[in-house]
Structures are given as C-alpha cells and as structure tokens.
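To start, the structure under review is shown below, and the notes come after it.
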Amino acid sequence: MLRRIEAVLIAAAVATAIHPHAAIAQSAGPAGWQNDLKPIAPADWNYDFAAHLLERAGFGGTPDEVQALAKLTPAQAVARLVRFQGTDAGHLPAFDHSGIHDPGLEPFPPSRPAVTDQAKKNGEALGIKVKPAGSRRVQPVVNEFFYWLRASALETNRVAYWWANRMLTSPQPLREKMALFWHGHFAVNEPKVRDYRKLLDQLELFEAQGTGNFRDLMVAVAQDPAMLTFLDAGVNVKGAANENFAREIMEMFTMGVGHYTETDIREAARAFTGWNYVDLKFVVNKDQHDDGEKTFLGKTGHFDGVNVIDIIMQQPATADFIAGKIYRFFVREELSPQLQKQLGSLLRDHDYQITPLLETIFLSRDFYSPASVGTHIKGPVELAVSSYRKLGLGNVPGVPDFNVATGALGQRLFAPPTVAGWGSGTSWITPGLLLERANFGRDVLFPDINFLPPDRYTADPEVRRVADRIRQGMDISTATKPDGKSGDLAESNMAADRDEDFNTRYGSFRSWQMAIERVKPIPRDAAQINLSRMVLDQHLKDTTQVVDYMIHRFMRVPASGEAREKMIAFLNKELGTTDISVAQTYLEDPLRLVLHLIMSQPEYQLG
Amino acid sequence: MKKHFSFSESSRRDLLRLGMYGIGVSAAAVPMPLFAQAAAALAGQSKSAGKILVVLELSGGNDGLNTLVPYGDDAYYRLRPNIGIPRKEVRPIDDHFGFSRGMAGFERLYKSGNLAIVHGCGYENPSFSHFTSMAYWHTAAPNSGEPYGWVGRLADEMAPEAPPNFIVNIDTRQSLAVRSRHHVPVVFDDPNKFSQEVFFDEREALKPSSEGVKPSSNEAPIANPSRRFLLDTAQSARQASALVREAWSRYHSPVDYGIVGLDLPKVAALIEAGMPTRLYYTAYRNNAFDTHVFQNDTHKRLLTYASDAVAAFLKDLERIGRADDVVVMVFSEFGRRVPENVNLGTDHGAANLMFVAGKQVKGGQYGTVPSLTKMDAGDNLVFTTDFRRVYATMIAGWLGLKDTRQLLNGEFEPFDMFRSA
C-alpha cells in the first residue's frame with residue numbers, strides 16, 4: 001500500500017519537474033464551465049490547456065511544440081492557430097503530378113459499355129481509333145478506359161499522401177484540419193468522381209477557403225467539378241431535373257432534414273439545371289437551364305443555383321446546422337439545443353464568417369471543461385497523423401501505407417463511402433477496429449518486412465493470374481478464363497464477356513501495367529524513429545520515469561494505474577534493470593515495445 | 001480427416017490453445033461458464049432454440065420493379081420505354097412476374113418453394129432520403145426518433161442478460177440496426193484482421209485485469225463516457241476475436257458464392273463453428289443500388305451477385321447441416337420511382353419488395369401487389385404492407401417472441417411464413 005502511494009507521489013514529482021504546469025492527470029477546468037462560451041482568463045492557461053488546444057485545432061504535437069503555445073496568452077495561441085498569425089506555410093511543396101492525363105480522355109464516359117458503344121458507333125473513343133481489321137479491334141480503347149480508372153486511383157493515393165504530409169508538417173495545421181472537416185462534410189469519393197485532378201482542386205479549395213466564409217464556400221463547392229460529378233449534376237437538365245444534387249445540398253450540406261419539402265427540392269433542382277463542367281471548369285449550359293419562375297422556401301423568382309444558396313443561407317436552420325457540426329468535430333459530440341442556437345447566432349451575426357466562430361469556441365470555458373477535455377475519440381486520419389507528430393517525424397512513412405492503414409481503420413482520404421461522409425465519435429470504434437488500431441501502432445514501430453507496395457503490386461488475384469498466363473505465352477481467351485470451382489459455376493462467373501471485339505479481363509490486366517508505368521511510386525521509407533534519443537535527451541533515470549514520460553507525451557488521457565504498472569514491470573523485464581544508464585545501448589527495441597503497449601491502450605484513442 | 005472446430009465440444013485444452021490466437025483470451029478470460037451461459041440463454045427460448053436470423057441489407061434503394069419484373073403489366077413498359085426489361089429477358093416465375101436475367105439463384109429458390117416474396121413493403125409518409133429512410137428501417141420507427149436499432153432491441157428482449165456474441169454485424173462500422181442498450185454487438189469486417197497481433201513478450205502486459213472495465217480500488221469511477229465506452233469495447237473485442245478467427249481459419253467450403261459473396265461466407269463460417277450468435281446483420285454496402293444513371297448494366301450485375309450469394313449461402317447451410325435453423329431476410333430502404341428518368345436510370349421511390357429465404361420458409365408471394373397506375377403524386381408505388389409486419393413475422397413467426405407490440409411500438413400482424421410453427 002505504502003509503496004503504491006510512494007510511486008504515485010514520485011511520478012507526480014517527476015511529471016511536475018518535467019512540465020512545470022502539469023499534473024499527472026489530464027487537467028481541465030471546473031465542471032461548471034460546461035456550455036459557457038465566455039473566454040478563459042490568461043491565469044487559467046497552462047501546459048495541459050495548450051496541449052488540448054493543439055490536439056483539437058491541429059493534430060497535436062511534441063512537448064516542445066505544446067510548450068511554445070503554453071508560453072503565449074490564450075488569445076495569442078488561438079490567433080496563431082486560427083488566424084495563422086506569425087506562421088507561414090508558403091514553403092510547403094505543391095503537388096507533384098505524375099503526368100497521367102491524356103487530353104483525349106475528356107469527356108470521360110460513364111461506363112465501359114458506354115465507351116465500347118461509342119467506339120463501335122464512331123470508330124473511336126477516348127482519342128483512340130478502333131482497329132480497321134484483326135481481332136479485338138476495340139481492345140486499345142478498353143485498355144485506355146481502364147488505364148485511366150487505375151491511374152487516377154493511384155494518383156489519388158499520391159494526393160492523399162501529399163495532404164497527409166501537409167497535416168503532419170504544416171505550421172498552419174488548422175488549415176489542414178478544417179480541410180479534413182470540409183472533406184467529410186462535402187463528401188465525394190474517387191470511385192465515383194474518377195479524376196484525381198478534380199479531387200485535388202477541391203482539396204485546394206478547402207485549404208484556401210476552409211476558414212473563410214461559409215456562403216462563399218458553399219457556392220464554390222456547388223460549382224466544383226468534383227461535386228458536380230459526384231451528385232450527377234451534369235445530367236440535371238431543363239425538363240428533367242435530377243434531384244440528387246439539390247437534395248444533398250439541402251439535406252447534407254446546409255439545413256438538414258425537416259426544414260424543406262419535397263416540392264422545395266424539385267424547385268431547387270430546376271434552379272440548378274444546366275450546371276455542368278467541361279474538363280475542370282464549371283459551366284452553365286444556358287439551353288439546359290430552366291430559367292422559369294420557381295417558388296423555393298416561400299420565395300418566388302427566376303432563381304438560379306446561387307440564388308437558391310443565398311435563400312438557404314437566410315434560414316436560421318443553416319447557421320445552426322453548420323455551427324453545430326463544426327462544434328461536434330472540434331469539441332464534443334453532445335451539444336445542447338441552447339448552445340447550438342448560440343453558436344448558430346454567432347455564425348449568422350458574422351455573415352457566415354467561420355473564423356470568429358472558431359475563435360470563440362477555442363477560447364471558451366466550455367472548450368476547457370471536463371466534458372470537452374479528453375473525451376474526443378480520434379478518427380483514423382487524426383490518429384495516424386497525431387501519432388506521427390508526437391513521434392516527431394518529418395514526413396509520412398511509406399510503410400505502412402498511409403491510405404491502406406487509415407482505410408483499414410474506417411477512414412480513407414478521398415473515399416468516404418457516401419455523401420454523408422464518415423460518422424464520428426463512438427462510430428469510429430467497434431471491437432474489430434479497436435484491435436486494428438493497436439495493429440497500426442505495431443506496423444509503424446516494427447515495419448513489416450514482407451510489405452508489398454499497393455501501387456506496384458495489385459491485390460487482385462484475377463489480374464495477377466492473367467499476367468502470369470500472358471507471360472507464359474497463352475492466348476488471351478485462355479489466359480482470361482476464370483478458375484473453375486467445384487459444383488455449379490455461379491451465374492456471374494459464367495457470364496464472362498464474350499464480345500469478340502475486346503476482352504475486359506485482359507484490359508483489366510494491361511491497364512494496371514500501363515498505370516504503374518506512368519504513376520510515380522510513393523517512397524517506401526519506414527518511420528525514422530529514435531526513442532532512445534528521445535528518452536536520453538530528457539535525462540530520465542529509471543524505468544518508472546521513462547514510462548511516465550512516454551505516457552504523458554503520447555496519451556492525452558492516461559492509461560489505468562494497473563496498465564501503467566504492467567508497462568513498468570514489462571520494461572524492467574526487457575531491460576533486465578530499472579537503471580536507464582545501464583541499459584542505454586540497447587534501449588530502442590524495449591522502448592518501441594512500450595510505445596506499442598501505449599498505442600494498444602483503449603485510452604490512446606482519446607484526444 | 002480434418003478436425004472440425006466446434007465451440008460446444010471444446011475441451012479446456014482447446015480454450016487454452018485459443019489464447020494463443022487472441023490476446024487476453026486465456027482460459028481465465030474465456031472460461032467454460034461463458035459457453036454455458038450462452039447455451040443457457042439459448043435454452044431459455046425453447047421454441048426458437050438455435051434459430052438464427054440473417055438480415056441482408058441492399059443499400060441505396062434497390063429497384064424492385066427491375067428485380068421482379070411485372071412483364072405481364074403493360075403499364076410497366078409504358079413507363080419504362082428504355083430501361084424496362086423485355087419479356088424475353090426475364091426469368092418467369094408465373095404469368096405476370098419474372099426475375100431479372102441474372103437471378104438464377106432466386107428463381108431456383110422460388111421454384112423449390114424456399115423463397116417468400118412480399119410485395120409493396122413500405123410505410124406511411126415515405127422519406128426519399130437514403131439516410132433517413134434507412135434509419136427508419138434500422139429502428140423500425142418511421143417518422144419518429146429512436147436511438148436503438150430493431151435488431152438491438154430484439155436482442156435485448158431475447159436475452160436481457162446480454163451474453164457476449166449474441167449479435168454479429170459484419171461491416172466496417174456498427175449499423176444503427178444493431179445498436180443495443182445492453183448488448184455489445186460483435187462488429188468486424190475481415191475475419192483475418194479481427195485480432196490484435198502482439199509480440200510474445202507483450203502478452204503478459206496486455207492481459208486484461210479480471211474485472212475488465214471496473215477501475216481498481218484506488219482510482220475514481222470512470223467519469224469520462226468516451227473512456228468507459230472504449231473499455232467496454234475492448235472487453236468485447238477480446239472475447240470475440242479469437243472465436244471469429246478460429247472459425248474462419250477452419251472454414252473451407254466448395255460452394256461457389258459468385259463474384260461478390262457479400263459477407264455470407266463469413267456468416268456460414270461462424271454458424272459452422274457453432275458460434276452462439278442468433279442475429280447476423282450484413283449489407284451490400286455504400287449505396288451500391290442507387291442507380292440514378294445508366295441503370296441496367298449495373299443493376300443486373302448487382303442483382304446477379306446478390307442472388308448468387310444468397311443461393312450459395314443456403315446451399316452451404318445445407319452442407320453444414322443447419323439449413324433448418326437459418327432464415328435470410330433481404331430488404332432495401334426504398335424502391336425506385338416507377339417512370340424511368342432521362343438518364344436511363346431511376347430516382348428514389350417508395351414501396352418495394354422484401355425477400356425471405358430459407359429451408360423452413362413457405363415460399364410464394366405475400367401481400368398485395370401495388371398498382372402501377374394508381375401511384376402517389378410523385379409517381380411512386382404506394383405501399384400495401386407496412387414493413388414492420390415482415391419484421392414481426394421474423395420476430396414472432398421465426399424467433400418465437402410472440403408479443404412484438406412493445407418492440408415494434410405497435411400492432412403488426414405477422415405473416416404465416418414458416419413451416420415449423
């Protein structure tokens with residue numbers, strides 16, 4: 001009993017010595033601060049508050065980075081993060097295109113049957129002519145079709161890497177975090193958009209205007225080719241309004257369900273008719289635009305899409321909806337209706353300028369109340385990036401693959417499953433995903449030597465089988481026959497493409513080959529970690545101090561006392577001593593194991 | 001002869017060996033009493049002992065009219081001059097209806113009397129929003145608010161003591177349908193990934209405390225609700241992961257599930273291994289059936305995959321010897337508008353078909369076929385059966401919970417759909 005109290009006191013003393021403003025437990029304001037939007041006072045400010053702010057307004061940081069914020073006043077710290085005062089992100093490199101696009105690819109047909117029909121009808125498609133004679137006359141067109149699908153998907157993975165590196169290294173992390181928020185809000189995905197350039201343009205829009213004005217952002221997004229593609233806006237034409245676009249703008253992006261009728265949707269759809277894009281440019285096809293009189297949300301006029309958006313902005317529901325969503329992303333899931341109305345008013349009173357809302361939130365007592373501190377369950381991208389930041393990495397490792405890792409955890413950049421984006425909070429966590437998060441930690445600290453880069457090695461066994469057979473000299477028909485299974489073949493396996501003009505399975509293989517030739521490979525360096533250096537630089541003397549330092553550095557909510565003791569016992573066993581100076585030459589592996597234990601704790605998910 | 005893994009026959013040695021596969025699943029953490037507890041829960045439901053319900057959700061709004069084509073109705077071709085499926089392309093089941101060309105599996109099931117088709121399922125004041133309508137189906141609370149899913153509430157009633165692994169939801173995230181007050185559903189996507197791989201030396205340090213979620217005596221009770229949730233989930237993960245991985249590694253089926261098996265092979269694997277789960281929930285995910293543009297090629301493919309998968313699943317159950325104990329219910333959050341749109345597709349609609357398949361199902365057509373001429377103001381099919389009647393059929397008729405009034409918040413008369421009462 002006495003020993004336990006002793007250990008607790010020593011840990012407290014150590015922690016206080018390392019960080020003058022820290023206590024061993026997460027520090028937050030009094031419970032009464034909940035729902036209070038009044039700003040905290042400079043006297044309230046401390047290391048833990050600064051750490052909390054950096055965690056939410058950015059992706060967390062090293063103790064040095066937190067300390068730098070802690071030295072400022074709260075107002076200065078928030079101004080630095082939200083208004084980017086005193087920071088410059090101009091040195092971050094622009095995206096390095098592989099150069100995979102061919103002009104003949106525009107406009108890209110909606111399906112393989114559409115492109116082969118086009119080829120047969122016009123004698124060419126995608127800028128490629130149909131062969132005048134011989135077998136598989138349409139094959140080159142089919143290859144080009146699949147080539148673009150593959151290459152765009154691979155290049156999108158590179159765009160995701162570029163973005164993840166910005167999240168990791170930008171001196172203006174809120175810009176990237178806000179872009180992540182908007183990406184989940186104005187959700188589009190690569191499988192439908194099928195064009196990495198549109199996704200990159202949309203991302204750059206979020207980075208440039210993400211903390212600006214919501215009304216302007218909504219208009220820009222509604223005219224953004226990625227969104228126009230995703231919501232079938234291009235087929236929304238006079239006389240045959242396609243409601244998808246109008247519905248999602250109102251239901252998902254601005255007001256939420258219950259603030260409009262089905263008639264409003266139909267009228268709004270009319271206002272958006274003719275909105276389309278050519279290559280990467282927004283256009284309005286005047287002859288497809290219905291400029292007749294519409295009645296929308298009680299107003300009547302010859303509205304176009306911009307007018308409709310402005311009317312939507314006038315609805316109180318819009319400001320409340322958006323402010324509430326921003327709050328849930330940055331503060332906590334539980335939001336009282338009164339507080340939501342207050343936040344909505346804030347947004348409305350500032351004409352939908354986002355920065356004042358963020359500033360108020362990040363300076364508020366509510367933000368530093370116990371209900372808000374340490375209660376946020378990190379999404380996968382947040383988890384990965386904050387882990388990398390706390391490790392002090394200078395770039396996102398190529399092993400494990402960032403997209404595969406975050407995708408396995410349920411959030412892959414540019415691949416939200418539907419226009420609703422991803423869930424949040426507890427919906428990130430299932431028993432399976434909790435285990436998977438711990439496995440992510442292991443993959444970072446102990447890179448898999450059997451790692452196969454997904455941008456060079458396709459996981460599709462069908463494609464690999466065809467590749468082998470072609471290399472062995474088989475003819476295309478034989479090479480592309482599916483593997484027989486015992487018993488009846490399923491209907492779908494028997495209905496293989498029989499059209500002699502082309503072979504889709506061959507196209508699937510050849511296109512992969514064409515794509516990996518042109519898409520630049522993602523560098524596959526493992527994380528450059530040196531935990532020994534980190535620990536020795538802190539002049540930590542014994543295993544207890546080491547474990548406490550690491551818990552404090554990497555966790556926002558500490559593990560249970562029992563877990564902590566197990567970790568100390570573990571480190572003692574691995575080192576064969578409690579004395580760090582004795583063990584200093586073989587510290588690295590044991591420290592990585594301890595960090596893996598930390599990243600395996602349920603509490604590691606909290607920020 | 002390969003040793004067949006089965007939970008009910010596990011020896012203590014097997015359980016110890018299990019501990020090798022998943023952290024924390026030592027003999028102490030998964031004692032025999034756990035299985036005994038699960039067995040007792042089953043025994044309590046004497047009529048439905050061992051009966052399993054599998055729900056297959058087709059997300060995106062499956063077009064029922066092009067699934068079971070009313071080729072005998074002129075109105076269908078009048079309203080769908082381009083995407084209507086020609087008479088010669090359907091697989092007729094009678095002189096009025098026929099399945100989409102690719103649905104050989106469903107045709108076979110129907111003709112052998114194992115597929116029930118329920119016409120015109122929907123609800124009053126239909127929502128045309130994916131998310132909203134799906135939420136209504138998930139909660140069985142249309143035009144209302146309800147935090148827990150119908151499958152979750154069902155589990156709470158069937159087994160209020162909430163034995164682990166009662167609900168399995170195969171997906172990357174938990175469906176609202178299985179959200180439960182007392183149960184922690186087992187949610188996983190890839191059985192191979194459903195484990196924490198720890199290094200040998202770490203095992204001791206990661207072994208759970210015997211109490212799991214309760215804090216040790218000199219720590220404050222857990223005030224942080226997110227933290228409490230995470231600890232609960234961690235406990236569920238430990239218990240379930242070893243069982244699932246073992247079942248999957250033992251599963252080798254010669255049955256061909258087609259190009260996209262959906263998650264039904266995983267369900268078959270768990271059933272074969274004797275997992276105590278009674279309620280399985282899977283989905284054809286990501287609004288795959290939301291066919292707004294150029295519908296026919298895509299839709300036919302999707303239906304082929306779904307039909308192949310369900311038919312194969314039932315065949316696999318026959319091989320496993322559990323065909324009498326399992327029923328599959330298939331639904332979508334709405335049908336689609338009757339007239340085609342200008343993009344050779346269809347927009348969100350209302351009433352739709354539901355399917356129920358299984359050896360104990362009395363095959364045939366249930367409910368009333370909705371009219372293609374008397375539609376609602378938006379040219380959508382008007383529902384003739386509240387979908388909760390089909391839920392009630394599963395709950396009362398199949399699983400044996402006779403009184404569904406509280407669960408479904410209303411009186412919904414079940415259909416007489418099963419051979420064994």
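The CD atom of Glu202(B) sits 9.5 Å away from the CZ atom of Arg442(A) when rounded to the nearest 0.5 Å. Atom CD of residue Glu251(A) and atom CZ of residue Phe128(B) lie 12.5 Å apart, to the nearest 0.5 angstrom. Between atom CG of residue Asp232(A) and atom CG of residue Asp347(B) there is a gap of 9.0 Å, rounded to the nearest 0.5 Å. In this structure, the separation between OG on Ser226(B) and CD on Gln605(A) is 11.5 Å, given to the nearest 0.5 Å. Taking OG1 of Thr426(A) as the start and CZ of Arg179(B) as the end, the distance is 6.0 Å to the nearest 0.5 Å. Rounded to the nearest 0.5 Å, atoms CG (Leu206(B)) and CD (Gln601(A)) are 6.5 Å apart.
Judged as a side-chain hydrogen bond (donor to acceptor under 3.5 Å, both in side chains), and not counting sequence neighbours, the contacts of Arg332(A) are Asn35(A), Tyr327(A), Glu334(A), Asp366(A), Ser372(A). Applying the side-chain hydrogen bond (donor to acceptor under 3.5 Å, both in side chains) test to Glu262(A) and every residue at least two apart in sequence or in another chain returns Arg247(A).
Within the 4.5 angstrom heavy-atom criterion, only side-chain atoms of Ile377(A), from C-beta onward, approach chain B. Within the 4.5 angstrom heavy-atom criterion, only backbone atoms of Pro185(B) (N, CA, C, O) approach chain A. With a 4.5 Å cut-off on non-hydrogen atoms, Glu574(A) touches chain B through its side chain but not through its backbone. In this structure, the portions of Ser129(B) lying under 4.5 Å from any heavy atom of chain A include both its backbone and its side chain. For Leu434(A), the part lying near chain B is the side chain, with the backbone staying farther off; criterion is any non-hydrogen pair under 4.5 Å.
Closest approach of Thr233(B) to Pro431(A), counting heavy atoms only: CG2-N, 3.4 Å. Considering every non-hydrogen atom in both Ala234(B) and Pro602(A), the closest pair reads CB-CG, 3.9 Å.
Ranked by heavy-atom pairs under 4.5 Å with chain A, the first of Asp201(B), Val184(B), Asn287(B) is Asp201(B). With chain B as partner, the option from Ser600(A), Ser427(A), Pro416(A) having the largest number of non-hydrogen pairs under 4.5 angstrom is Ser600(A).
More than 12 heavy-atom neighbours from other residues, nucleotides or ligands sit within 6.0 angstrom of NZ on Lys378(A).
Between the side chain of Asn224(B) and the main chain of Gly374(A), a donor-acceptor pair closer than 3.5 Å is present.
Using a cutoff of 4.0 Å between basic side-chain nitrogens and carboxylate oxygens, Arg227(B) and Glu603(A) are scored as salt-bridged.
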